[in-house]
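Written out below as structure tokens is the structure these notes cover.
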Amino acid sequence: MTRPMLAALAALGLALAANAPRAHAEPPAAPADQMRLQGIWQLVGEHSTIKTVDGRLPPFKPAAKARYEAAVAARRAGKPIGDTAQKCLPPGLPRAMFYPQPVLITVEPKQVTFLHELMHLHRMVYIGDALPSNDDLDQNWLGFSAGRWEKGDLIVQSRGFNDVTTIDTAGIPHSTDLLLTEKLHLADKDTLVDTITIDDPKTFAAPWQTRVTFKRLPDTTEFREYVCTDVNPEAVAAK
Amino acid sequence: MAASRAARISAALAVTLGMLAAGAAPAATLYRPAVSSADPHDLSGVWFLLHYNRVIPTVDGTPPPFTERGKLEWARRIMAEANGAPMSDASTHCWPHGTPRVMNSPYPLQIFQTPQQTVIAHEVAHNTRYIHMQRAHPAEVKTSFMGDSVGRWEGDTLVIDTVGVDPRTWIDEQGVIHGPKLHTVERIRKIDGGKAIEDVVTVEDPDFFTKPWTFRDTYAWRPDLRIAEYVCEENNRNAPQDGVTVAR
């Protein structure tokens, strides 16, 4: 028997052994302080116009400021522009977090998942993943989210966004360079605070922060079936 | 030199063959354990339909036991498609595909379990099923695309009972349809040592079928997959070809 054949047989044996039935190691459940994030949450207050944590407009660059002001004026005139959600396309991030429909957050060791009633969107946060560069990501509506736990807070970084969504309903624009960093902190067991840092050097002169709060709803809360294209036939016709 | 290069190639080939024989993708990143949890009640993770077929076969391989009306509607849809003018179902409009049809999609799904709910998040059009584990159907069920689903464990089998499914959804992609009386019972359990699950679905609708009938789908455990974004409303950038999702 030749040496290559022996090596091949040995490797085949190893491959078969790796697939043989064996004792199965259970993945550990997420620790209790992380499991506190699991539940059904609802945004507190109305957040169609997002401001910084100091209550100001974001530090727009001039072209972005002009786009924002045009969007605000168009909405005031009753003819909003550039609002993908009106066409039943996903609102993107962070805007999906600014809706009143409840969100079920599930916590697993390697994945935290946001199951939104809104448009039945699901947003996956992969725990322990390194955040890929934009070159390695598709441009998606909800981007790609990588998370890590820091003393019971969930830190989520997201990028890989398309540039057709806006940051809020009013019309804060962004580019495909948008990088979001969220800190999800439980102020108490029923109060979730999401502090969001918005970094997009093509749109803003500096990174800026905004903050929203969610209240826990009873675990027995049930979602309605949210079908944007069915309740809003005009949006479908306008496609 | 030449011999050792040949050895490396042979070894790589053997590893690949070994993995293919076991049904695993070569050199894939695993996001979850290679086998699903040993707990039969833990269905959490990503699964992918095996043997996709746009025409759902009954377990005995025959067409469903149609009533006259069911048969007529089925034939109408087959003829319309043959004539190049297919009739549309809910999925054509980017509405949720409905129960049980969404379970027969050539895209992965991910199961989440909380004490209250079993959630099935489908890649296809981000359809999401909520199966209520702690209650029965309400006396008055409000019609929805996915219907009202309640679940309970019978031994190692998750039994899901669904009513109230919007008649704009179909049962398969060819033309088996249903009315407001549709009632499905799904029996989901792990098979093949946790490498797969089966869903045995009994379909009942006296307006369209003379008696209940059953089909069976199976799904492979896929620790190498994550659910991708699929937005029907922007049209399909990622259509399956020959039943296989491309551009992943």
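Note that the coordinates shown come from a computational prediction; the quantities given were computed from them, not determined experimentally. Within every chain, numbering begins at 1; the chains are lettered A, B, ... in the order of the sequence lines, protein sequences first and strands thereafter.
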* B/Gln117 side chain to A/Glu222 side chain, donor-acceptor N/O pair below 3.5 angstrom -> no
* To do: Tell me, for A/Thr113 versus chain B, whether the close heavy atoms (under 4.5 Å) come from the side chain, the backbone, both or neither.
  => side chain
* What residue, out of B/Met146, B/Gln134, B/His132, has the most heavy-atom pairs lying under 4.5 Å from chain A? -> B/His132
* Nearest-0.5 Å distance that lies between atom OH in B/Tyr130 and atom CD in A/Glu117 -> 8.0 Å
* Structure fact -> If one checks every heavy atom of A/Leu121 against chain B at 4.5 Å, the contacting part turns out to be both
* Residues which pass ring-ring contact (aromatic ring centres under 6.0 Å, His included) with B/His41, listed by chain and number, not counting sequence neighbours -> B/Trp153
* Apply the test side-chain contact (heavy atoms from CB on, under 4.5 Å) to residues A/His122 and B/His122: give CA-CA distance (whole Å), side-chain angles for both, the deciding distance (0.1 Å), then the verdict. => CA-CA 9 Å; A/His122 33 73; B/His122 295 263; 5.6 Å; no
* **Check against side-chain contact (heavy atoms from CB on, under 4.5 Å), A/Gln111 and B/Arg226** => CA-CA 11 Å; A/Gln111 185 175 333; B/Arg226 286 170 164 175; 5.9 Å; no
* To do: Check for a donor-acceptor pair, side chain of B/Glu233 on one end and backbone N or O of A/Lys87 on the other, with a separation under 3.5 Å.
  => no
* To do: Answer yes when A/Glu225 and B/Arg129 have at least one side-chain N-carboxylate O distance shorter than 4.0 Å, and no when they do not.
  => no
* Closest contact, heavy atoms only, A/Leu142 versus B/Glu229 -> N-OE2, 2.8 Å
* Just checking heavy atoms, which of residues 166-177 of chain A are less than 4.5 Å from chain B? -> none
* Should the pair B/His126 and A/His120 be assigned to parallel (<30°), tilted (30 to 60°) or perpendicular (>60°) ring geometry? -> tilted
* Structure fact -> In terms of heavy-atom pairs under 4.5 Å with chain A, the winner among B/Ala90, B/Ser144, B/Ala125 is B/Ser144
* chain A heavy atoms under 4.5 Å from B/Gln110: which part of the residue, side chain, backbone, both or neither? -> side chain
* Asked: With only heavy atoms counted, which part of A/Thr106 is less than 4.5 Å from chain B, the side chain, the backbone, both or neither?
  -> side chain
